[in-house]
Amino acid sequence: MGLVTGGCLAAIGHHVFCVDRDAERVRLLEEGRLPVYEPHLNELIQRSRAAGMITFMNDPAAALRSADAIFLCIGVPQLDNGESDFAALDSAANQIARHVDAPKLIVERSTVPVRTGEQLRHLLSVYTPDPNARFRVAANPQFLREGSAVEGFFHPERILLGRDDAESEAALRQIYAPILQQAFECPIHLGSCPSRKPPELLLTSVRSAELIKQCSNAFLGVKISYANVLADLCEQLGANVLEVTHAVGLDPRIRSAFLQAGIGFGGDRLPKDLRAFCKLVESEHVDAGILQAAEDVNAGRVDAFFQKIQRSLWVLKDKKIALLGLAHKAGTDDIRSSPAMQLYERLVAAGAHVSAFDPQAIANARSTHPELVSCRDPYETAVRADALLLLTEWDEFRVLDWQRIRETMARPLVLDGRNLLSPKHMKALGFEYHSVGRPD
């Protein structure tokens with residue numbers, strides 16, 4: 001999310017230096033080539049570069065000395081034992097402390113465990129050799145979603161500022177003033193933004209802000225897993241999970257967002273954040289039952305769908321299987337912890353011949369799985385396939401010419417892991433069609 005944060009801050013009038021220790025990544029960015037796909041981000045970055053509002057660099061010294069605020073967009077991964085790995089954050093604190101010679105505001109932008117701000121403040125004071133350096137630490141967690149992150153930055157429902165001093169609050173208010181007042185030229189809607197309320201400003205302590213972000217992500221995981229439990233129940237009872245979750249979601253106390261059954265959630269953040277939150281809760285001797293249950297349900301979704309594929313095909317060895325979608329969700333090229341990629345690995349291990357199409361994620365998938373057979377479009381993927389699996393909810397898959405696909409498949413079998421299509425329509429076209437939590 002560092003590129004989104006930097007690009008959007010530049011777009012609302014701030015001079016931004018984006019620093020990364022990966023020299024090759026910086027070189028690509030200087031050439032105008034983004035290492036990730038995110039709607040609107042490429043155009044946003046190019047406009048800001050042309051206007052001289054954003055600069056990419058590998059050496060942080062000059063940027064750290066001149067900056068009024070330093071946003072740490074650095075992830076905190078997990079070690080094999082479940083503990084948080086603070087190595088990258090520790091390295092960043094060391095670099096900041098060595099190069100800064102005046103008071104600075106340091107802002108946690110990524111999701112971090114509670115009390116990270118206190119440790120960060122301590123490390124900065126220990127590492128600095130300059131008596132004039134004084135560090136204030138604040139937390140400004142982002143609530144952006146891959147696939148709509150740029151729009152979410154410009155038009156958020158809330159902005160969370162965790163601060164422990166008035167000076168930090170004043171600085172962050174100034175940075176976010178154009179967003180809070182919605183007083184900027186929106187590069188997405190070109191002056192005709194949809195009518196909506198200005199974002200709510202939430203002011204908390206640093207520790208509360210860190211906890212709020214972890215709580216929010218964990219709750220989303222719980223909500224998705226709850227929908228998947230309902231889907232399993234619906235399959236047993238002959239009910240339709242889409243009808244159930246729609247009705248439940250109309251309750252304003254619940255709402256429908258994230259009540260989506262399917263093959264589970266992935267990505268770099270949600271599974272990791274739920275696991276980290278479970279670890280935090282347990283370390284404080286609080287019962288993590290509901291959180292652990294949500295993680296367990298999600299961990300079982302790929303296996304449950306794999307079993308459904310196996311039941312439909314009986315024998316997987318030497319079967320030709322087409323995958324539509326490899327990214328963990330639509331709107332991104334991110335395949336990290338993607339259920340689609342996990343299914344790909346399971347199918348290949350079972351001896352199936354797998355081909356795949358994804359409008360954005362093929363390059364990333366080929367970088368980690370060079371043997372992957374990729375196709376130019378969904379239609380090529382489906383040719384002579386014994387089964388076609390819908391694994392990412394790209395809108396373009398909804399409007400394919402499914403009659404054309406049926407005519408080219410060896411066996412017209414579709415297993416829809418995202419409930420994208422209408423069972424009635426697919427069966428009318430002559431498909432064997434199976435989805436998640438809906439009657440066959």
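Note: hydrogens, waters and symmetry copies are ignored here, and every other heavy atom, side chains too, is used.
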Enquirer: Would the distance check show the side chain of R158 and the main-chain N or O of L201 forming a donor-acceptor pair, the cut-off being under 3.5 Å?
Expert: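 Checked: no pair found.
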Enquirer: How about E396: does its CD atom have over 12 heavy atoms from other parts shown lying under 6.0 Å from it?
Expert: yes
Enquirer: Hey, could you give me the CG/OG distance between L123 and S91, rounded to the nearest 0.5 Å?
Expert: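 Rounded to the nearest 0.5 Å, the CG-OG separation comes to 11.5 Å.
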Enquirer: Between F431 and W402, what is the ring plane arrangement, given parallel below 30°, perpendicular above 60°, and tilted in between?
Expert: perpendicular
Enquirer: In the structure I gave you, are the side-chain heavy atoms of E167 and L105 within less than 4.5 Å of one another anywhere?
Expert: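 Contact flag for E167/L105 side chains = no.
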Enquirer: Step through the shown structure and confirm whether more than 12 heavy atoms of other residues, nucleotides or ligands are within 6.0 Å of CZ on F219.
Expert: no
Enquirer: Quick check on D85: does its CG atom have over 12 non-hydrogen neighbours (other residues, nucleotides or ligands) under 6.0 Å away?
Expert: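 For D85, atom CG is crowded (more than 12 foreign heavy atoms under 6.0 Å).
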Enquirer: Can you confirm whether Q174 is buried at CD, in the sense that more than 12 heavy atoms of other residues, nucleotides or ligands lie under 6.0 Å from that atom?
Expert: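 Counting neighbours around CD of Q174, 12 or fewer heavy atoms of other residues, nucleotides or ligands fall under 6.0 Å, so no.
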Enquirer: Could you check whether any side-chain heavy atom of I254 comes within less than 4.5 Å of a side-chain heavy atom of L259, counting everything from C-beta outward?
Expert: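 Yes; the side chains approach each other to less than 4.5 Å.
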Enquirer: Determine whether a donor-acceptor pair (N or O, by modelled atom type, separation under 3.5 Å) exists between the side chain of D358 and the backbone of A327.
Expert: yes
Enquirer: Is E151 salt-bridged to R196, going by a charged N under 4.0 Å from an acidic O?
Expert: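 R196 and E151: salt-bridged.
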Enquirer: Keeping the roles fixed (side chain from D416, backbone from L421), state whether a donor-acceptor pair exists under 3.5 Å.
Expert: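 Yes; judged by distance alone, with no hydrogens or angles, the pair exists.
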Enquirer: Verify the distance criterion only: is there a donor paired with an acceptor across the side chains of N140 and R109 at less than 3.5 Å?
Expert: yes
Enquirer: With a cut-off of 6.0 Å (strictly less than), are more than 12 heavy atoms of other residues, nucleotides or ligands near CZ of R255?
Expert: no
Enquirer: Rounded to the nearest 0.5 Å, what's the gap from CG on D164 to CD on E169? Could you check?
Expert: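 Answer for the CG-CD pair, D164 versus E169, is 11.0 Å.
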Enquirer: With under 30° as parallel and over 60° as perpendicular, where do the rings of F71 and Y176 fit, or are they tilted in between?
Expert: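 Taking Y176 first and then F71, their aromatic rings stand perpendicular (interplane angle over 60°).
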Enquirer: Are V112 and L72 side-chain neighbours, meaning at least one heavy-atom pair lies under 4.5 Å?
Expert: no
Enquirer: Check whether the ring centres of F258 and F265 lie less than 6.0 Å apart, and answer yes or no.
Expert: no
Enquirer: Quick one: does any side-chain atom of E38 pair with a main-chain N or O of G147 as donor and acceptor, under 3.5 Å?
Expert: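 It does hold such a pair.
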Enquirer: Ignoring hydrogens, what is the shortest heavy-atom contact between E146 and K329? Give both atom names and the distance.
Expert: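 Reported closest heavy-atom pair: O-NZ, 2.7 Å.
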Enquirer: Using modelled atom types and a 3.5 Å cut-off, is there a donor and acceptor pairing between side-chain atoms of D333 and backbone atoms of Y37?
Expert: yes
Enquirer: Within a 6.0 Å radius of atom CG on L203, are there more than 12 heavy atoms belonging to other residues, nucleotides or ligands?
Expert: yes
Enquirer: In terms of side-chain heavy atoms, does Q236 have a donor or acceptor partner in D232 at a distance below 3.5 Å?
Expert: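 No, no side-chain donor-acceptor contact under 3.5 Å.
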Enquirer: Any donor-acceptor pair under 3.5 Å linking the side chain of T381 with the backbone of C375?
Expert: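 Judged by distance alone, no pair lies under 3.5 Å.
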Enquirer: With a 4.0 Å cut-off, would you call R275 and E295 a salt bridge?
Expert: yes
Enquirer: Whether the side chain of Y344 engages the backbone of H369 through a donor-acceptor N/O pair (distance < 3.5 Å, no angle test) should be reported.
Expert: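 Not a single qualifying donor-acceptor pair exists.
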Enquirer: Main chain of L415, side chain of K308: is a donor-acceptor contact present, judged purely on distance under 3.5 Å?
Expert: no
Enquirer: Kindly check if the number of other-residue, nucleotide or ligand heavy atoms within 6.0 Å of OH (Y226) is above 12?
Expert: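 No, because the 6.0 Å sphere around OH of Y226 holds 12 heavy atoms or fewer from other groups.
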Enquirer: Would you say that more than 12 heavy atoms from the other residues, nucleotides or ligands in this model lie under 6.0 Å from the CZ of R25, or not?
Expert: no
Enquirer: Just by distance, do the side chain of N240 and the backbone of C234 share a donor-acceptor pair under 3.5 Å?
Expert: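 No; judged by distance alone, with no hydrogens or angles, the pair does not exist.
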Enquirer: Shortest non-hydrogen contact from F154 to Q182?
Expert: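 Of all heavy-atom pairs spanning F154 and Q182, the closest is O-NE2, 3.0 Å.
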Enquirer: Whether the side chain of R134 engages the backbone of K104 through a donor-acceptor N/O pair (distance < 3.5 Å, no angle test) should be reported.
Expert: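 No, the answer is negative, given that no donor and acceptor are paired below the 3.5 Å cut-off.
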Enquirer: Assess whether a salt bridge exists between K213 and E108, defined as any Lys/Arg side-chain N lying under 4.0 Å from an Asp/Glu carboxylate O.
Expert: no
Enquirer: With the threshold set at 4.0 Å, does a side-chain nitrogen-carboxylate oxygen contact exist between R47 and E43?
Expert: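 No, this pair does not count.
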Enquirer: Would R115 and E210 count as a salt bridge (Lys or Arg N to Asp or Glu O under 4.0 Å) here? Give the steps.
Expert: CA-CA 8 Å; R115 301 190 186 95; E210 293 169 339; over 6 Å; no
